[in-house]
Amino acid sequence: MYQAPRGTNDILPEDWPYWRYLRDQIERLASLYGFERIDTPIFEVTELFERGVGEAASVMVEKEMYTFTDKGGVSLTLRPEFTAGVMRAYLEHGMRVRPSPVKLYSIGPIFRQERPQAGRFRQHTQWNLEVLGEMDPAVDFEVMSIAWQLFEDIGFRGLSFQLNSIGCPRCRPAHIQALVEHFSAHREKLSDVDKRRLELNPLRLLDSKEPAAQPLLDRAPRSVDFLCDECREHFATLRSYLDGAGLPYTVNPRLVRGFDYYTKTVFEVWAEGIGAQAAVCGGGRYDGLIELLGGPPTPGIGFGSGIERLILTLKAQGVVPPPLPRPLVQVSYVAQGEAGRAVKQAAVHLARELRRAGIGALLPFGDRSLKAQLKAADRQGVRYVVILGEGELAAGQLTLRDLAEATQQAVARDDLIPWLRRRLDQA
RNA sequence: GUGACCAUAGCUCAAUUGGCAGAGCACCUGGUUGUGGCCCAGGAGGUUAUGGGUUCAAGCCCCAUUGGUCACCCCA
C-alpha cells in the first residue's frame with residue numbers, strides 16, 4: 001500500500017473550507033493594502049538559497065534542503081523559503097524601476113527536509129509578503145499591520161506579538177561580542193548544544209530552551225542596548241506607530257534570527273494550543289540581502305506565515321469557516337420498464353439545463369431506487385428534489401419535493417427554473 | 001539527524017498465558033408498484049503497515065524497513 005511521503009499531507013475535501021477561507025481573506029487584504037501577487041518557480045538553482053544566509057547557517061541549511069541534479073547536470077533545490085526566489089525575480093525583471101516600494105505577496109508550497117512534528121511538515125504552505133526599496137519604519141508598521149488585520153478578521157484570540165531589533169552590520173558585531181564574552185565566562189555551565197551555539201551562532205543562544213542557560217539569559221546583553229543611532233531611531237519610530245495604533249506587542253530581547261542578512265526589525269506572532277511550533281507568522285527586515293544576491297543596495301522587509309499552522313489555530317479556537325457552496329437541487333428519476341429510458345434521458349438533460357442556468361444540481365447515477373436517491377440527496381444536503389417519472393413526462397410536469405419541509409407539489413416543466421430561482425434566492 | 005511512544009476494516013477501537021480477526025459509525029441492498037431522516041434485517045469491506053525470524057501455531061514474541069505522534073536539533 002502506498003503512503004504519502006513522510007511529512008506530506010493530503011488536503012481532503014472536508015479541509016477545503018478552511019483553505020478557501022484563508023486564501024480569500026489573504027487576497028482581500030493584499031488588494032486592500034496594495035500588494036501584488038507574484039508566483040515564482042517551486043525550484044531554483046541551489047546556489048540562490050545558499051547565498052546570503054551566512055557561513056554557519058549555510059551548512060545547517062543544506063542538510064534540510066531538497067536538492068537534486070537535473071539531467072543537464074544543474075543542481076536545483078525545491079524552495080525552502082520564498083524570499084530568495086522573489087528577490088531573484090525582482091532583480092531579473094528590473095523591478096526597481098517600478099514605483100517604489102515594490103509590494104509583493106505569494107502563496108504556495110515550501111519544502112524542508114525536517115523531522116515532522118505538530119505544525120511542522122516537509123511540505124507546507126506559506127503566505128509570504130515582501131516590500132522592496134524602502135527604509136521608512138512606516139513600511140515595517142504596514143507589514144505588521146496586514147498580518148495583524150488578517151488575524152483580527154479571522155477571529156483569532158490570545159495571540160502574542162513579539163518584537164525586537166537586532167541592529168545592522170554596523171552595530172551588531174559589538175552585541176555579538178558582548179554575548180560571546182558573557183556566555184564564555186560561564187562556558188562550563190552550558191549544555192553541549194549551547195556550547196555549539198556559542199561557536200557557530202551566538203545570537204541563537206538567546207532563544208535557547210536549555211534549562212542550564214536560563215539563569216544566564218536574564219543577564220545576557222540585549223541587542224537593543226547596542227543599536228547605532230540609525231537603528232535606534234528606526235526602532236523608536238516603529239514603536240511609536242504601533243503604540244499610536246494601539247496594537248499590543250511585547251518587546252522580546254530574546255527574539256532573534258538565524259541568518260546574517262536580517263537587520264533591524266524582527267517580529268513573530270505566537271499562537272497557543274498548537275504545540276511547540278507556535279509561531280504563525282515570522283518576519284523581519286533584510287536590508288543587506290539583495291546586495292548579497294548581486295543586486296544594488298536595496299532595503300527589504302517581509303514575513304512568512306504558515307497556512308497549516310493558521311488552520312491548526314482556527315481549529316483549536318473553534319473558528320468555523322463559511323461552508324463551500326453545494327448543489328441544493330437534485331434531479332431524481334424513476335427509470336423502470338419500457339418508459340425508463342425516456343425518463344432517464346429527460347433527467348440527464350434537465351440536470352444539464354439547470355447547471356447551464358446557474359443552478360447547482362446533482363444527478364444520481366446507476367438507476368438506483370427512488371428511495372436510495374432521496375436518501376443520498378438528504379445526506380448531501382440537498383434541499384429540493386425534482387422527481388421525474390413516466391407520469392410527469394407525459395404531463396409535461398415535475399414533482400418537486402422540499403426535503404426540509406417534507407412537502408411536495410407538481411410544477412410545470414417550463415416553470416421549473418423560475419420556481420427554483422425564487423426559492424434558492426430566499427435561502 | 002537524535003530520542004520516546006505508536007501502527008488491526010474508510011473512521012474510532014476490541015481480540016484471554018501465542019490457539020479460527022470482531023464491534024460501533026460510515027458505505028451498499030432490502031423491509032411488495034415511485035418517496036429521505038428514525039427503526040429492523042442483510043451485504044460488502046482485512047495478506048493485522050511492509051519484509052524477515054522464533055514456534056506445531058504469531059495481530060500478539062524478536063529484528064529490520066516504512067509511516068504516524070510528540071519533543072529536541074534547526075528554523076529561511
Side-chain angles (χ1 to χ4, degrees), chain A residues 1-9 12 14 48-54 56-65 77-87 110-122 124 126 128 191-194 196-197 200-201 203-204 207-211 256-262 266 268 274-279 282-284 286 289 302-304 306 330 332-337 339-340 343 364 366 368-385 387-392 399-408:
Chain A
M1 188 66 138
Y2 290 109
Q3 297 170 295
R6 164 168 282 184
T8 64
N9 290 109
L12 299 176
E14 50 269 35
L48 178 66
F49 299 120
E50 290 170 339
R51 295 281 294 274
V53 297
S58 147
V59 184
M60 310 303 302
V61 152
E62 276 172 37
K63 293 204 303 196
E64 304 204 341
M65 297 201 304
T77 294
L78 298 182
R79 65 181 174 206
E81 58 155 338
F82 267 107
T83 305
V86 173
M87 298 305 101
I110 293 292
F111 305 86
R112 296 177 193 171
Q113 190 160 169
E114 307 174 292
R115 194 78 161 253
Q117 76 188 73
R120 165 175 279 183
F121 309 104
R122 292 188 165 187
H124 76 279
Q126 268 188 22
N128 183 262
S191 67
D192 289 346
V193 173
D194 278 342
R196 211 165 120 261
R197 287 192 177 113
L200 289 175
N201 201 347
L203 257 192
R204 275 279 155 195
D207 61 1
S208 171
K209 293 169 189 162
E210 299 292 315
V256 294
R257 288 282 102 116
F259 295 161
D260 290 353
Y261 57 69
Y262 279 100
V266 298
E268 286 185 3
I274 61 170
Q277 303 301 318
Y286 43 84
L289 178 58
F303 69 68
Q330 175 171 292
S332 285
Y333 52 89
V334 183
Q336 288 173 339
V343 171
R368 296 199 286 153
S369 67
L370 184 60
K371 179 191 174 91
Q373 291 182 40
L374 283 166
K375 188 170 180 161
D378 190 47
R379 282 245 130 92
Q380 307 235 47
V382 164
R383 174 74 192 265
Y384 301 102
V385 178
I387 301 172
L388 198 51
E390 202 176 336
E392 285 88 349
T399 299
L400 246 158
R401 181 165 182 84
D402 180 334
L403 291 189
E405 299 286 328
T407 58
Q408 63 188 41

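The shown structure was predicted, so the numbers you read here are calculated from the model rather than taken from an experiment. Each chain gets a letter, A, B and so on, in the order the sequences are listed, and its residues count up from 1.
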### Task
Please state whether the base of B:U35 and the side chain of A:Gln373 form at least one donor-acceptor pair under 3.5 Å?
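Side chain to base: no pair present.
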### Message
Does A:Arg112 contact B:C75 through a side-chain donor or acceptor facing the base, at a distance under 3.5 Å?
### Response
no
From [options], pick the nucleotide closest to the side chain of [X]?
X: A:Arg401; options: B:A76, B:G36, B:C75; answer: B:G36
X: A:Leu374; options: B:C73, B:A76, B:U35; answer: B:U35
X: A:Arg368; options: B:G30, B:C70, B:C28; answer: B:C28
X: A:Asp378; options: B:U29, B:C74, B:G37; answer: B:G37
X: A:Leu370; options: B:U35, B:A76, B:C72; answer: B:U35
X: A:Lys209; options: B:U35, B:C74, B:U69; answer: B:C74

Scan [X] against the nucleic acid and name what it touches under 4.0 Å (heavy atoms): base, sugar-phosphate only, or nothing.
X: A:Ile110; answer: nothing
X: A:Gly275; answer: sugar-phosphate
X: A:Glu62; answer: nothing
X: A:Ala377; answer: nothing

Inter-nucleotide [atom1] distance ([N], [M]), Å rounded:
N: B:U32; M: B:U48; atom1: P; result: 41 Å
N: B:A15; M: B:U8; atom1: C1'; result: 9 Å
N: B:U29; M: B:A44; atom1: C1'; result: 10 Å
N: B:G36; M: B:G46; atom1: P; result: 31 Å
N: B:C6; M: B:A14; atom1: P; result: 13 Å
N: B:A26; M: B:C11; atom1: C1'; result: 8 Å

Nearest heavy-atom neighbours spanning [X] and [Y]:
X: A:Leu370; Y: A:Ser332; value: CD1-CB, 3.9 Å
X: A:Phe49; Y: A:Thr77; value: CE1-O, 3.6 Å
X: A:Arg401; Y: A:Ile387; value: CB-CD1, 4.3 Å

## Note on the structure
Dot-bracket assigned to RNA chain B with the 3.5 Å Watson-Crick/G-U criterion, [ ] for crossing and | for other-strand pairs, is (((((((..((((.....[..)))).(((((.......))))).....(((((..]....))))))))))))....
### Query
Taking everything shown except A:Glu390 itself, do over 12 heavy atoms lie less than 6.0 Å from its CD?
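Counting other residues, nucleotides and ligands, CD of A:Glu390 stays at 12 neighbours or fewer.
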### Task
To the nearest Å, give me how far apart CG (A:Asp194) and C1' (B:C73) are.
11 Å
### Message
What is the distance, to the nearest angstrom, from the CD atom on A:Gln380 to the P atom on B:C27?
### Response
10 Å
### Summary
By nearest-heavy-atom nucleotide on RNA chain B, the more 5' of A:Gly258 and A:Gly7 is A:Gly7
### Message
Judged by each residue's nearest nucleotide on RNA chain B, which is more toward the 5′ side, A:Ala406 or A:Arg379?
### Response
A:Arg379
### Message
Just by distance, no angles: are the side chains of A:Asp402 and A:Thr407 close enough, under 3.5 Å, to form a donor-acceptor pair?
### Response
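Side chains of A:Asp402 and A:Thr407: no pair found under 3.5 Å.
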Does [X] put a side-chain nitrogen or oxygen below 4.0 Å from OP1 or OP2 of [N]?
X: A:Lys375; N: B:C28; result: no
X: A:Gln3; N: B:U66; result: no
X: A:Arg6; N: B:G68; result: yes
X: A:Arg197; N: B:C73; result: yes
X: A:Lys63; N: B:C74; result: no
X: A:Arg115; N: B:U69; result: no
X: A:Ser332; N: B:U35; result: no

### Task
Ignoring hydrogens and angles, tell me if any N or O in the side chain of A:Asn128 forms a donor-acceptor pair with the backbone of A:Thr83 under 3.5 Å.
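Side chain of A:Asn128 to backbone of A:Thr83: no pair is present.
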### Query
When you check the gap from the basic side-chain N to the acidic O, do A:Arg115 and A:Glu64 get nearer than 4.0 Å?
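A salt bridge is absent here (no side-chain N lies under 4.0 Å from a carboxylate O).
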### Query
Do A:Gln380 and A:Gln330 come within less than 4.5 Å of each other through their side chains, counting heavy atoms only?
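SC-SC contact between A:Gln380 and A:Gln330 ruled out.
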### Query
salt bridge (charged side-chain N to carboxylate O under 4.0 Å, His left out) between A:Lys375 and A:Asp378: does it pass, once the steps are laid out?
CA-CA 5 Å; A:Lys375 188 170 180 161; A:Asp378 190 47; over 6 Å; no
